[in-house]
Amino acid sequence: MTQINRTAAFHTLGCKVNQYDTQAMRERFEAAGYRTVSFEESADVYVINTCTVTGTGDRKSMQAIRRCHRQNPQAQIVVTGCLAQRAAGELALPGVRLVLGTQRRGEVVELLDQAVEQGCTLIAVESLRQAPFEHLSVHAHEGHTRATMKIQEGCDRWCTYCIIPAVRGPIRSRPVQEILAEAESLAKAGFAEVVLTGIHLTSYGRDRKDGATLLDAVRAVHGVKGIARIRLGSLEPVIVTPEFVHGVAQLPHVCHQFHLALQSGSDTVLARMHRRYTSGEFLEACALLRGAFEDCALTTDVMTGFPGETEEEFAQTKQTCIRAGFARMHVFPYSEREGTKAAKMENSVPRALREARARELIALGRELEARALAARVGREEQVLVEETDEEGRGVGYSGGYMRVRVPGAQPGEIVRVRITETDHGELRGKLAGA
């Protein structure tokens, strides 16, 4: 049903996959005649794409729902995403008209119309056991230089702390031809960089009968005229084989920033987490990437306070992080998720200690980041300029995903920048040859 002069606002919690799904739903609403407004404004429809990876995600999702109802008690609220998949019955709050899980996002407008016509709260959450890959496509993004493309859905790793396999379902990989078509569409829209992402990107292709691999997907995007940079989403260290690294090395548009999820640097904790590598294997993957790409930047996720984590195990994690030499670390304390094996484990670490260890690792992460930034001084970096600051300097990101400010560059340009200094977690420089 086409809506005239109706407004819709969108709010996304969690990962880049959620951001992609939200943009796909935004385009569905706009195609139906809705006008997008800021989430801070009063809107006729609010769409909240939830996260349930941690208790914080649950809490922020619930707060967002209540906030929308306060802003406009007459608004129709759509709640979708991982929390909706996990706990749909808990989300029929005042103002909520549609609860949608991690499927059927392409039908969001039609399902909302149905719920309004019936005058009820429609729960449209389905089993994921045999769920296909949902063929969502995105043709525009909020920025004008970098676009995210979801190429993979689901996970079957069942790490003991993680609820994601239960709320995202089994592995589903997007066909290479669909990836190519969307990359071509994004290039025509003027996007210079594409970020390939998925719930478990490392598993791309394992479900496909045509033998396609993640490298095949990357090669397809690499061949699209106008796409100057390809960035990979979060990877597991097990994908970093000599064959994979050699394949990436043949693709000059691939950014040499690799996000390898560590979670813990202690082998005994990794075993309890049911991660499928050791700290030694993780460091070997880091060394393999650094040996192939001298400008390599490694980023990671690390969890503190997993059940039973001792001081010795935490010290091992710190040492692994130091040896890996991360350019950036995302650190978070362990959060119990009902329905996971870890939630039933003994020797729970007190929350205050989890958070204290997280603060200690965050401080270490800042030190490592400062070292990584300082190591770039005197080098030349390729920077994709995304905006200008109040002083007219171009602001963008290097291939290593480091924020750079440079005079004389305009949004949309990819420029060579000689780095001259670091400043408050950023790089400063001047145009090479200037």
Side-chain angles (χ1 to χ4, degrees), residues 1-14 16-51 60-85 88 91-125 134-150 182 185-186 188-191 386-387 411-412:
M1 182 184 300
T2 300
Q3 302 289 340
I4 305 300
N5 297 323
R6 299 270 290 171
T7 57
F10 301 83
H11 184 60
T12 307
L13 296 107
K16 282 185 170 62
V17 173
N18 264 12
Q19 294 170 16
Y20 182 92
D21 293 340
T22 296
Q23 180 59 28
M25 290 186 286
R26 185 198 310 269
E27 292 188 12
R28 300 302 195 276
F29 275 95
E30 290 175 348
Y34 284 82
R35 178 171 58 88
T36 298
V37 298
S38 166
F39 192 70
E40 311 299 324
E41 300 179 43
S42 178
D44 297 305
V45 174
Y46 291 98
V47 179
I48 302 167
N49 199 351
T50 62
C51 176
K60 289 183 176 180
S61 297
M62 300 294 276
Q63 289 172 346
I65 296 168
R66 296 188 177 99
R67 174 183 166 190
C68 292
H69 187 60
R70 287 196 304 269
Q71 285 183 186
N72 182 6
Q74 282 72 50
Q76 311 293 336
I77 300 174
V78 177
V79 184
T80 183
C82 293
L83 179 58
Q85 185 72 37
L91 301 178
L93 301 171
V96 174
R97 184 63 71 184
L98 173 64
V99 180
L100 197 61
T102 54
Q103 285 285 296
R104 303 188 73 183
R105 274 77 54 90
E107 305 170 56
V108 60
V109 177
E110 293 80 5
L111 289 170
L112 177 59
D113 287 344
Q114 179 182 332
V116 171
E117 289 171 6
Q118 294 176 356
C120 67
T121 298
L122 178 61
I123 308 293
V125 176
E134 187 176 17
H135 298 278
L136 299 174
S137 291
V138 168
H139 304 90
H141 290 259
E142 291 186 72
H144 298 291
T145 53
R146 182 189 306 116
T148 297
M149 187 196 306
K150 183 173 79 171
E182 184 161 330
S185 174
L186 292 170
K188 289 178 182 177
F191 293 98
E386 301 187 5
E387 59 185 350

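Not measured: the values here are computed from a predicted model.
Taking CG of Leu100 as the reference point, atom CE of Met25 lies at 7.0 Å (rounded to 0.5 Å). To the nearest 0.5 Å, atom CD1 of residue Ile123 and atom CG of residue Leu111 are 11.5 Å apart. For the atom pair OG1 (Thr36) and CZ (Phe10), the distance works out to 5.0 Å, reported to the nearest 0.5 Å. To the nearest 0.5 Å, the span separating SG on Cys51 from CG on Asn18 amounts to 6.5 Å. Taken from OG1 in Thr12 to OH in Tyr20, the straight-line distance is 13.5 Å, to the nearest 0.5 Å. Here CG of Asp44 is found 9.0 Å from CZ of Arg35. Values are rounded to the nearest 0.5 Å.
The side-chain contact (heavy atoms from CB on, under 4.5 Å) check on Ser61 picks up Leu13, Thr50, Leu83, with sequence neighbours excluded. The side-chain contact (heavy atoms from CB on, under 4.5 Å) test applied to Glu386 returns Thr145, Arg146, Tyr397, not counting sequence neighbours.
Residues Ala75 and Ala43 come closest through the heavy atom pair CB-O, 3.4 Å. Closest approach of Val45 and Val78 over heavy atoms only: CG1-CG2, 4.3 Å. Minimum interatomic distance between Val109 and Ala32 (heavy atoms only, all atoms of both residues): CG1-CB, 3.9 Å. Shown here for Ile77 and Pro94, the closest heavy-atom pair between the two residues is CD1-O, 4.2 Å. Taking all atoms of both residues into account, the shortest heavy-atom contact from Ala88 to Val125 is CB-CG2, 3.8 Å. A pairwise comparison of heavy atoms in Gly81 and Asn49 identifies CA-OD1, 3.2 Å as the closest pair.
No side-chain heavy atom of Thr22 sits less than 4.5 Å from a side-chain heavy atom of Val47. When side chains are defined from C-beta on, Thr7 does not count as touching Glu41, because their heavy atoms never get closer than 4.5 Å. Contact of the Leu112 side chain with the Arg97 side chain is registered, since non-hydrogen atoms from C-beta on lie closer than 4.5 Å. Counting only heavy atoms from C-beta outward, the side chains of Met62 and Leu93 approach each other to under 4.5 Å. Under the 4.5 Å side-chain criterion, counting only non-hydrogen atoms from C-beta, Val108 is not in contact with Thr80.
In the displayed structure, Arg67 atom CZ is contacted under 6.0 Å by more than 12 heavy atoms of other residues, nucleotides or ligands.
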Q: With side chain to side chain donor-acceptor pair (under 3.5 Å) as the test, would you mind laying out the steps for Gln63 and Arg66 before giving the verdict?
A: CA-CA 5 Å; Gln63 289 172 346; Arg66 296 188 177 99; over 6 Å; no

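Phe39 and Tyr46 have perpendicular rings, their planes meeting at more than 60° on a 0 to 90° scale where under 30° would count as parallel.
The salt bridge (charged side-chain N to carboxylate O under 4.0 Å, His left out) with Asp21 is formed by just one residue from the set Arg28, Arg104, Arg105; it is Arg105.
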